[in-house]
**Student:** 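Take this structure first; my questions come after.
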There are 2 protein chains.
Amino acid sequence: MASAPARSVRGRRASRPSGDDREGAILATAERLLGERALRAISIDDLARGAGISRPTFYFYFPSKDAVLLALLDRVVREADEALAAVPDTLAADPSRFWRECIATYHRTFGAHAAVTLACAEVRLSNAEVGALWSRVMESWTQAVTAAVEGERERGTAPAGLPARDLAIALVSMNERVLYSSFAHDVPTVDERDVVDVLHTVWLNAIYQTTTPPTGSSRPDR
Amino acid sequence: MASAPARSVRGRRASRPSGDDREGAILATAERLLGERALRAISIDDLARGAGISRPTFYFYFPSKDAVLLALLDRVVREADEALAAVPDTLAADPSRFWRECIATYHRTFGAHAAVTLACAEVRLSNAEVGALWSRVMESWTQAVTAAVEGERERGTAPAGLPARDLAIALVSMNERVLYSSFAHDVPTVDERDVVDVLHTVWLNAIYQTTTPPTGSSRPDR
DNA sequence: CACGGTATCGACACAGTGTCGAGTCGGTCA
DNA sequence: TGACCGACTCGACACTGTGTCGATACCGTG
């Protein structure tokens with residue numbers, strides 16, 4: 001949906017770099033520059049020059065600077081979806097580990113593209129498309145958590161309490177914000193090495209209302 | 001020299017409005033326009049015109065658009081500080097009520113200036129001064145919670161667990177994000193009427209690890 | 001080889017920001 | 001009273017960045 005418009009197959013090996021090369025070059029330049037400064041401090045001219053083209057030519061590939069970021073976010077989101085799908089479903093056997101793995105996976109994936117994540121967190125407030133994709137991620141994460149919590153309650157593992165969806169929203173929101181602060185080195189922030197641990201603990205308390213998780217935490221040493 | 005007479009039409013009023021009037025007018029215009037659209041869609045010319053002055057004159061009062069927002073935020077923060085200081089310290093007698101009142105106070109105060117709050121949440125990512133003030137609020141809120149949690153633990157009311165500061169950061173961050181979504185009518189979001197309730201419950205679980213709060217909630221009906 | 005889609009850029013129009021210098025105005029003091 | 005000062009005001013300018021348009025070059029295909 002959010003990927004670049006599917007153009008017909010472009011010319012093969014030619015003396016001139018193909019459009020796909022250019023598109024990739026713009027994307028690569030953008031991610032590199034985002035590591036140095038904020039998107040708002042990167043002009044379209046910077047992006048174009050970095051990709052070896054002129055500013056008007058940039059518009060042949062992307063309608064705006066934000067569209068480049070959207071494409072970048074799209075890649076990261078896809079990566080996160082894949083990584084999350086690869087998390088083994090140990091919810092029944094070892095719920096603590098399951099929640100921890102999910103949280104750690106988000107942390108790892110978005111942390112690996114912190115520059116893009118940070119830029120998107122800012123742009124999503126002003127750009128509807130980035131905002132929509134971001135919301136979609138939050139929503140799907142929320143739905144998955146809601147379902148898992150309801151499952152645990154049916155199994156009798158977790159006690160009843162707040163509507164599962166409300167609880168899920170609160171927890172997912174907390175993760176977003178805490179992870180963001182951690183990537184941005186915001187103040188106040190949790191020590192980078194402890195974030196996953198801290199979030200994990202709050203999740204368990206909120207879902208199971210118990211100090212000691214149902215089964216031992218995979219990293220109880222702090 | 002040889003100034004055109006047609007040019008000096010302005011300044012008809014008997015007494016010129018004072019600088020304070022202008023400053024207040026700019027602030028008022030800004031808060032009003034922020035209720036209609038985002039800061040980025042408000043030009044300095046809009047602000048100046050709204051205050052009855054020209055664009056260059058705007059710069060006599062504020063160095064930039066962001067500075068106006070900073071002044072606005074400063075007022076809201078002051079208001080929040082006062083409101084919070086007025087919350088009765090029932091931590092020992094009725095902890096549940098105490099936490100609820102604190103959360104509700106933030107919700108009420110910032111909610112009363114949702115437009116300013118929303119604008120600041122966006123600008124703080126790009127403007128260092130707004131960001132610093134915002135961080136200061138987060139930090140002081142965090143420190144207060146940290147101290148209260150430590151107090152509860154010493155009293156034996158709350159069990160040991162996560163370092164109090166880490167727990168505080170996680171909870172305060174959650175509040176910020178959930179309250180923001182609520183004001184912004186973001187997706188996913190908790191129903192406006194339930195936000196305080198939901199946050200309150202998660203706080204109690206995280207701090208006391210118990211389903212039923214130490215003493216009855218002041219609004220258990222949902 | 002000419003045709004058409006792909007790709008490219010110079011030049012322009014435009015919106016917004018910030019600054020400068022030239023003023024106006026009301027009050028103070030010699 | 002009139003020279004002066006500081007608060008206040010704005011027209012005009014310089015600058016930066018965005019987005020568009022029309023002209024043109026390139027290249028595989030018929």
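Since this is a predicted model, take the numbers as computed values, not measurements. Labels below follow one simple rule: chain letters A, B, ... track the order of the sequence lines, proteins then strands, and each chain is numbered from 1.
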**Student:** Let me have a per-nucleotide readout for nucleotides 11-19 of chain C, 5' to 3', with B, S or -, counting only protein heavy atoms under 4.0 Å.
**Tutor:** B-----BBB

**Student:** Rounded to the nearest angstrom, tell me the gap between atom CZ in A:Phe60 and atom P in C:dG5.
**Tutor:** 12 Å

**Student:** For A:Glu23 and C:dT6, give me the distance from atom CD to atom C1', rounded to whole Å.
**Tutor:** 14 Å

**Student:** For B:Ile53 and C:dG23, what is the distance between atoms CD1 and C1' respectively, to the nearest whole Å?
**Tutor:** 17 Å

**Student:** Kindly assign one of parallel, tilted or perpendicular to the pair B:Phe183 and B:His107, based on the angle between their ring planes and the thresholds 30° and 60°.
**Tutor:** parallel

**Student:** Kindly list each side-chain donor-acceptor pair under 3.5 angstrom involving residues 143-151 of chain A, sequence neighbours excluded, with atom names and distances?
**Tutor:**
residue  : atom : partner  : partner atom : Å
A:Gln143 : NE2  : A:Glu139 : OE2          : 2.7
A:Thr146 : OG1  : A:Thr142 : O            : 2.7

**Student:** Go through the structure and list residues passing side chain to side chain donor-acceptor pair (under 3.5 Å) with B:Glu122, not counting sequence neighbours.
**Tutor:** B:Arg40

**Student:** What residues form a side chain to side chain donor-acceptor pair (under 3.5 Å) with B:Asp191, not counting sequence neighbours?
**Tutor:** B:Arg193

**Student:** What residues form a side chain to side chain donor-acceptor pair (under 3.5 Å) with A:Ser54, not counting sequence neighbours?
**Tutor:** A:Thr57

**Student:** Expressed as a whole number of angstroms, how long is the span from A:Phe58:CZ to C:dG10:P?
**Tutor:** 17 Å

**Student:** Please list, chain by chain and in numerical order, all residues satisfying side chain to side chain donor-acceptor pair (under 3.5 Å) with A:His113, sequence neighbours excluded.
**Tutor:** A:Glu31, A:Glu79

**Student:** Does B:Arg22 put a side-chain nitrogen or oxygen below 4.0 Å from OP1 or OP2 of D:dT9?
**Tutor:** yes

**Student:** A:Tyr61 has an atom OH; how far is it from atom C1' of C:dC9, in whole Å?
**Tutor:** 13 Å

**Student:** Would you tell me if any nitrogen or oxygen in the side chain of B:Thr57 comes within less than 4.0 Å of OP1 or OP2 on D:dC8?
**Tutor:** no

